[in-house]
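Inspection log for the structure reproduced underneath, given as structure tokens.
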Protein chains: 2
Amino acid sequence: MMNNETGGKVRVARERTLENIHAAAIAEFSEKGFQGATTQAIAQRAGIKKAQLHYYIAGKEELYEELLQKVLKVWGDIIQFDPTLSEPEAVLSRYIRNKLSFSFDQPELSRIFTSEVLSGGHYLQKYWPQATQNIVGKENLIHQWIVEGKIRPLDARLFIMHIWALTQYYADFAVQVKHMYGNFGGDTQAREHIIGEVTTLILNGCKDFAPPPSQGREQTSDF
Amino acid sequence: MMNNETGGKVRVARERTLENIHAAAIAEFSEKGFQGATTQAIAQRAGIKKAQLHYYIAGKEELYEELLQKVLKVWGDIIQFDPTLSEPEAVLSRYIRNKLSFSFDQPELSRIFTSEVLSGGHYLQKYWPQATQNIVGKENLIHQWIVEGKIRPLDARLFIMHIWALTQYYADFAVQVKHMYGNFGGDTQAREHIIGEVTTLILNGCKDFAPPPSQGREQTSDF
DNA sequence: GTCTATATGGGGATAGAC
DNA sequence: GTCTATCCCCATATAGAC
């Protein structure tokens with residue numbers, strides 16, 4: 001208290017340590033999963049001793065949940081349909097670009113979510129309702145596009161999930177991509193190429209091929 | 001030796017135990033990953049004691065590698081482009097159906113592979129060359145389709161990887177699908193619906209939209 | 001805040017009785 | 001083949017000196 005009148009230096013040092021811990025924990029949890037990760041390895045990656053780590057965190061489980069929340073928050077913030085756009089091409093392109101960029105930039109954070117889902121998703125119990133709610137908004141817009149004949153009739157919810165799956169792939173299976181396609185880490189050109197291929201696949205995939213001259217069409221999907 | 005002249009009963013009992021162990025290990029490894037899984041839990045799931053388990057297996061690592069090989073073998077056998085078919089629609093539909101069916105029927109086995117990739121894929125070192133070889137065959141056929149104008153120009157390798165990603169999704173994220181879409185476990189109707197949606201998305205996604213009346217087209221993808 | 005030392009529990013694996 | 005008991009190591013977490 002007394003030796004920290006500015007309230008700056010100590011706090012900054014503490015937060016830098018916490019950042020190191022977070023980065024280390026993200027790497028460790030995303031690789032080994034919650035059960036496979038060890039506080040020992042996290043401490044080592046963060047450049048501190050194990051006892052020191054436990055001085056900064058409440059426990060392994062609390063640290064894990066904190067990071068899980070972080071992914072969910074970022075996704076909730078960034079990965080949305082842009083409401084200022086209206087045409088399917090623009091909305092979907094933007095969405096794909098955002099989600100893919102996150103997969104490229106923060107693959108480990110993305111993988112924590114995947115690892116948790118693989119483990120049964122017990123730590124996501126509170127998250128599913130919110131996620132489903134989130135998808136409903138997108139679903140409604142897509143339904144509108146179908147009614148307006150802007151895209152072909154399809155199962156809107158599955159369509160969203162498929163886009164999510166395709167973009168998530170580049171985080172979860174980065175190792176596979178690297179081996180089967182070649183390295184593309186910081187290469188902007190390769191990233192743009194992938195974004196383009198995914199976007200085209202999706203946009204073509206929902207296009208109406210031979211739209212009957214001008215008549216309303218119904219959605220055939222009944223799921 | 002002497003009390004087993006038929007060579008049957010004992011062997012059968014042994015193999016039944018081994019099957020139980022395999023099933024238990026698949027469940028455990030797919031949930032927790034290699035590091036997170038414990039022989040304790042595997043034994044418990046198999047209905048035997050831990051010491052008993054170690055009588056049947058060479059070690060945790062050997063058991064894990066055995067199961068990994070199992071997935072790779074099944075994929076190598078089942079998930080191929082059918083050479084008796086030739087049209088893109090038929091080949092891709094069949095491929096998607098096979099891969100999706102495996103995701104539905106053996107999700108845990110599929111997830112072991114995913115978990116291993118998430119962990120860095122160190123146990124797959126020998127597998128990548130074979131997998132890449134496998135993809136090259138498909139790639140050549142797709143290139144042919146492009147030259148023949150049967151599908152639009154696209155990056156063939158990424159296209160294959162995207163189909164793989166979409167079908168793998170239903171194994172890895174089964175929990176997510178269940179929460180956001182509803183249960184679809186043994187429901188044949190729902191399975192067929194999903195197969196249909198994925199197939200249509202892919203087939204439309206690679207269709208040529210406004211093919212110029214009749215002229216060869218070049219492949220623009222240079223990756 | 002940071003260290004060494006340690007408490008306590010669980011991990012993989014084996015010995016040896018039955 | 002199956003059990004109990006055990007070895008030895010590593011896990012999470014804390015105590016307490018500095």
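Values below: all heavy atoms of this structure, side chains included; hydrogens, waters and symmetry mates excluded. Letters go in sequence order (proteins before strands), and every chain restarts at 1.
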### Task
Start with the C-alpha gap between A:Tyr170 and B:His162, add the side-chain angles, then the distance that decides, and say whether ring-ring contact (aromatic ring centres under 6.0 Å, His included) holds.
CA-CA 10 Å; A:Tyr170 284 91; B:His162 291 159; 5.8 Å; yes
Side chains of [X] and [Y]: do they bring a donor and an acceptor to under 3.5 Å?
{"X": "B:Gln176", "Y": "B:Tyr169", "answer": "yes"}
{"X": "B:Gln168", "Y": "B:Thr114", "answer": "yes"}
{"X": "B:Tyr56", "Y": "B:Asn20", "answer": "no"}

Between atom [atom1] in [X] and atom [atom2] in [N], what is the gap in whole Å?
{"X": "B:Ile21", "N": "C:dG12", "atom1": "CD1", "atom2": "P", "result": "14 Å"}
{"X": "A:Leu63", "N": "D:dA13", "atom1": "CG", "atom2": "P", "result": "10 Å"}
{"X": "B:Leu53", "N": "C:dG12", "atom1": "CG", "atom2": "C1'", "result": "10 Å"}
{"X": "B:Gln52", "N": "C:dA13", "atom1": "CD", "atom2": "P", "result": "16 Å"}

### Query
Is there a side-chain polar atom (N or O) of B:Tyr56 under 4.0 Å from OP1 or OP2 of D:dT2?
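Yes, because at least one side-chain N or O of B:Tyr56 sits under 4.0 Å from OP1 or OP2 of D:dT2.
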### Message
Strictly below 4.0 Å: does A:His54 bring a side-chain N or O up to OP1 or OP2 of D:dT14?
### Response
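No, no such contact exists.
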#### Entry: Members of residues 32-51 of chain B that approach DNA chain D, where some heavy atom sits under 4.0 Å away
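B:Lys49, B:Ala51 - these, ordered by number, are the residues of the stretch whose heavy atoms sit under 4.0 Å from the strand.
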### Query
Do the charged groups of A:Arg191 and A:Asp105 touch, with an N to O distance under 4.0 Å?
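Looking at A:Asp105 together with A:Arg191, the answer is yes, because their closest N to O distance falls below 4.0 Å.
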#### Entry: Donor-acceptor contact present, side-chain A:Ser115 to main-chain A:Arg111, <3.5 Å
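Checking the backbone N and O of A:Arg111 against the side chain of A:Ser115, no donor-acceptor pair under 3.5 Å is found.
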